[in-house]
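These notes are about the structure you will find just below.
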Amino acid sequence: MGNEVLMVVDAVSREKGVEKETIFQAIEAALATATRKRYTQDIDARVQIDRHTGAYHTFRRWEVVPDEIEQLEFPDHQIRLSEARKRSPDIEIGGHIEEPLEAVEFGRIAAQAAKQVIMQKVREAEREQIVQQYLPRKGEMVTGVVKRLERGDAIVDLGNAEALLSKSAMIPREGLRPGDRIRALLEDVKSVPRGPQLILSRIAPKLLVELFKLEVPEASEGLIAIHGAARDPGLRAKIAVSSKDQRIDPIGACVGMRGSRVQSVSNELAGERVDIILWSDNPAQFVINALAPAEVLSIVVDEELHSMDVIVDERQLSQAIGRGGQNVRLASELTGWELNVMTEQAATEKGANETANAVKLFQESLDVDENVASVLVQEGFTNLEEVAYVPKQELLAIEEFDEELVDELRNRARDILLTRAIAQEEKLNLAEPAADLMTMEGMDEHTARLLASSGIKTREELAEQSVDELLVVEGMTEERAKELIMTARAPWFEAQAADQKTGDTAG
């Protein structure tokens, strides 16, 4: 009998590629189940198989529970501590008392419980193996063959596992068919009840990076650094590169002889046109490179807003922006800066408007004449905070200003800012949000009071807002606004689902 057990373990392990220990545990569980079925009582059984001989022994078990329990929940496999210590003096609560039982025949159950338990354990082990194999490869590029299409999604065979390439993660208009060999980025690995789910993407910017590392030996060896990529999948992409060796031209190396390397990448991505950009640690120069082939005349950098006004010749404007804003959008994603492309005339008009607004602000807020306000603007001051809190020496350095005027300007600016802060605090204190808004999931008191001060006091009122309307609230981001609105609207969707269900039942 022992040899039979060992033969089954060896055969299943080789066929399924599962550890023998997993098969032994499955057989032990199957034998224990068969043993329990022989008794009308609700007993607990344990089977132990000798890993070398295949011989097995069966034991009945009792779990040790405290003496204080008057009524045992499972009297057939529980025992009080005092009784247990009569058999084993060292036993503790939570331990088990065992006594030998007659073992069931392995051959009789092989076609019944054992088979089911073994196969279940094998499937679980196979799933775990796949997860453990692919989890460290998350974010890497994998190669597979399209096995079949299901409702627009592609099931891709990776050799020892299947992966999902959803329609939304495919390159638009690519037209994949069963049998196509593709490369994709392993975006996620999920362990779900029905088995491991490997999620692929063909539109991720990192896939472009991985393809260049594959096609360009200098990149895979670290001689060329790839700093990032931005894509409009299937249409156009930009990738930023630099060389760690002055003797190597990074753009030329990525293009390859007669464009062979970049063409290979483009072919893999359904003809996506790839612009190779020279990276620079100077943000302005990097932006100029990223907007190529359009020529940039000048750039105005706003560090605070992390944006740049890019001035180009009027004849270059359409090229800099690109069809549907594609060129400037990709350049913005690649560089991480918000880019505003404009002509010289537009830039001049914008500057004049900003200057006029700033002069008007200082005249009205600080109660000064146009000359003083204009001097402040010419010296680079744009708001009251700068006037109030910049070092005094900076204002004294202005030729037209003396110490008395500087002190007066600073005091007026600080008084206005203090008055505004007090008014804002009073407004927040007076704004009392409704209980349903205050207790809404993801809401905090400060945000609730800010919303209430803007006239949004209930959950229903929040649900009726748009993202743009919420962005006027202090400190509100687009992502946060979306999250709050969707949470507020959750009861709407629940009610709609309930109505739909009622309608289906009536139908």
* Is the closest side-chain donor-acceptor distance between E349 and N353 under 3.5 Å? -> no
* Measure across T477 and L471 and return the closest heavy-atom pair with its distance rounded to 0.1 Å. => C-CD2, 3.6 Å
* Pairs in or reaching into residues 387-396: which pass salt bridge (charged side-chain N to carboxylate O under 4.0 Å, His left out), with residues at least two apart or in two chains? -> K392-E403, K392-D407
* Within-4.5 Å side-chain heavy-atom neighbours: I311 and V300 -> yes
* For residues 245-254, which residue pairs qualify under salt bridge (charged side-chain N to carboxylate O under 4.0 Å, His left out), counting only residues two or more places apart or in two chains? -> D245-R247
* Structure fact -> Correct closest heavy-atom pair for N327 and Q319 would be ND2-O, 3.5 Å
* Structure fact -> Here the salt bridge (charged side-chain N to carboxylate O under 4.0 Å, His left out) pairs for residues 382-391, sequence neighbours left out, are none
* Indicate whether the side chain of Q133 and that of N160 have a donor and an acceptor atom separated by less than 3.5 Å. => yes
* **Shortest non-hydrogen contact from L334 toward A290** => CD2-CB, 4.3 Å
* Scan residues 324-339 for pairs that pass salt bridge (charged side-chain N to carboxylate O under 4.0 Å, His left out), counting only residues two or more places apart or in two chains. => D232-R329
* If you look at every heavy atom in I276 and C254, which pair is closest and at what distance? -> CD1-CB, 3.5 Å
* State, without any angle test, whether D444 and T447 hold a side-chain donor-acceptor pair at a distance under 3.5 Å. => yes
* To do: Indicate yes or no: does D275 engage R231 in a salt bridge with an N to O separation below 4.0 Å.
  => no
* Is the shortest side-chain N to carboxylate O distance from R480 to E483 below 4.0 Å? -> yes
* Asked: If you measure from CE on M443 to CZ on R459, what distance do you get to the nearest 0.5 Å?
  -> 9.0 Å
* Gap separating the CG atom of L361 from the CG atom of N383, nearest 0.5 angstrom -> 8.0 Å
Could you give the side-chain donor-acceptor pairs of residues 203-218 under 3.5 Å, partners two or more places apart or in another chain?
residue, atom, partner, partner atom, Å
K206, NZ, G139, O, 3.1
E218, OE1, R261, NH1, 3.1

* **For K244, all residues meeting side-chain hydrogen bond (donor to acceptor under 3.5 Å, both in side chains), sequence neighbours excluded** => none
* **NZ/NE/NH1/NH2 to OD/OE distance under 4.0 Å, E140 and K138** => no
* To do: State plainly whether the residues R151 and D153 are in salt-bridge range, i.e. N to O under 4.0 Å.
  => no
* Asked: Under 3.5 Å, is there a donor-acceptor pair linking the side chains of Q465 and E461?
  -> no
